[in-house]
Amino acid sequence: MSTSLSDGNLMEKKRILSGLRPTGKIHLGHLVGVLLNWVKLQDDYDCFYTIVDYHALTTDYADTSRIKEYVFEVAVDWLSVGLDPNRSTLFIQSHVLEHAELHLLLSMIVPIPWLERVPSYKEQQRELTDRDLSTYGFLGYPLLQTADIIIYKANYVPVGEDQVPHVELAREIVRRFNNFFRPVFPEPEVLLTKTPRLLGLDGRKMSKTYENFINISDEPEVIHHKVMSMFTDPQRIRKNDPGRPHLCNLFSYHKLFAPDAKLKQIESDCQKGIIGCTDCKEHLARQLTDALSPYQEKRRRYLSQPDLVHEVLSQGAKKARAVASATMAEVKEAMGI
Ligand code: SF4
């Protein structure tokens, strides 16, 4: 486990593992709900962040034509928002084969009903009706997630409430393995961090599926176009109708991106019917453009140096592999194979 010097003492940092599927460019929901938290965690934890391309295959196995492009896009976005390869281990899941090996070994000891009762298994089968999800890979993805976490003996997994059952499952699997063989793995714990949740342009969950997102990389005119299409307080018909900012999805964006004084002014002007929704949207579009511009500038730099991005991922995989292969040696010894 990595160490750092603090106040003259050698401090041991706890390890974190988290991952994101490569589904293309990263949107604002990912930025505020996940990535900015990951950036902060780098100060206090030994962070392993992985682009989980095997996981992408569990649902999108029929068309893999863009997966490498998406992996690259995600890596560029990660670096642009401040994930730092000098402080965190950034890597592609499939570049560390030990994930697949541990997944296989765990599949020998985990009863199928444990996987069938994971809430997202049935939920996603109901929601993603355009594909056949009666595959082993889809059933087994929480097991693969467990392998991702425990192969690094991660202490914490930063997740939202909806992912808690997955970490609970990982803990159960760890107990089963440790009981059958010998204690190799620590039980990972959930690191619940309160992160803001941004809804999509139409008020539903922000998602690629619903096409209701703003990407970190969107150009100013694209941002403007998308913001102008956003839903606002439906009761506000005329400009001087008193508005209800706290029921307006657009205002939740202002809360994250407007300076305090401006936010108070928008709130009050909306409630008094002084500002119209079109002006309010114009303001948000400008605010977002300004907020995203530093990321976009860095993004352009990384895009012009693809070799550097590949090198970061390659060094990350090397570092991850060293930890993962040491764990696998222990696993095999414990299992007597
Ligand atoms: S003025 Fe702004 S905050 Fe108020 S309802 Fe319109 S878009 Fe929402």
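Remember, it's 1-based here, ligands and their atoms both numbered in the order they're listed.
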Ligand-side contact atoms (ligand 1) for residue partner Leu250, heavy atom cut-off under 4.0 Å: 7 (S)
Pair Leu90-Phe48, side-chain contact (heavy atoms from CB on, under 4.5 Å): steps then yes or no: CA-CA 6 Å; Leu90 311 177; Phe48 279 56; over 6 Å; no
From Pro234, Cys277, Cys270 - option closest to atom 4 (Fe) of ligand 1 by heavy atom: Cys270
Atom 2 (Fe) of ligand 1: nearest protein contact (heavy atom, Å): Cys280 SG, 2.4 Å
Under 4.0 Å to a heavy atom of Thr232 - the qualifying atoms of ligand 1, by number: 7 (S)
Nearest non-hydrogen protein atom, atom 8 (Fe) of ligand 1: Cys248 SG, 2.4 Å
Criterion side-chain contact (heavy atoms from CB on, under 4.5 Å) on Leu57 and Thr64, from CA distance to verdict: CA-CA 8 Å; Leu57 299 179; Thr64 57; 3.5 Å; yes
Element-labelled atoms of ligand 1 that are located less than 4.0 Å from some non-hydrogen atom of Asp233: 5 (S)
Sub-4.0 Å heavy-atom contact, Gly243 with ligand 1: no
Lys208 NZ: over 12 foreign heavy atoms closer than 6.0 Å: yes
Exam field: side chain Gln287 to backbone Phe257, donor-acceptor pair closer than 3.5 Å: yes
Transitive ILVMFWY side-chain link Val110 to Ile112, under 4.5 Å: yes
Proximity of Arg236 to ligand 1 by residue part, where a heavy atom lies under 4.0 Å: side chain
Tyr141 six-ring face occupied by Arg21 cation (under 6.0 Å, within 45°): yes
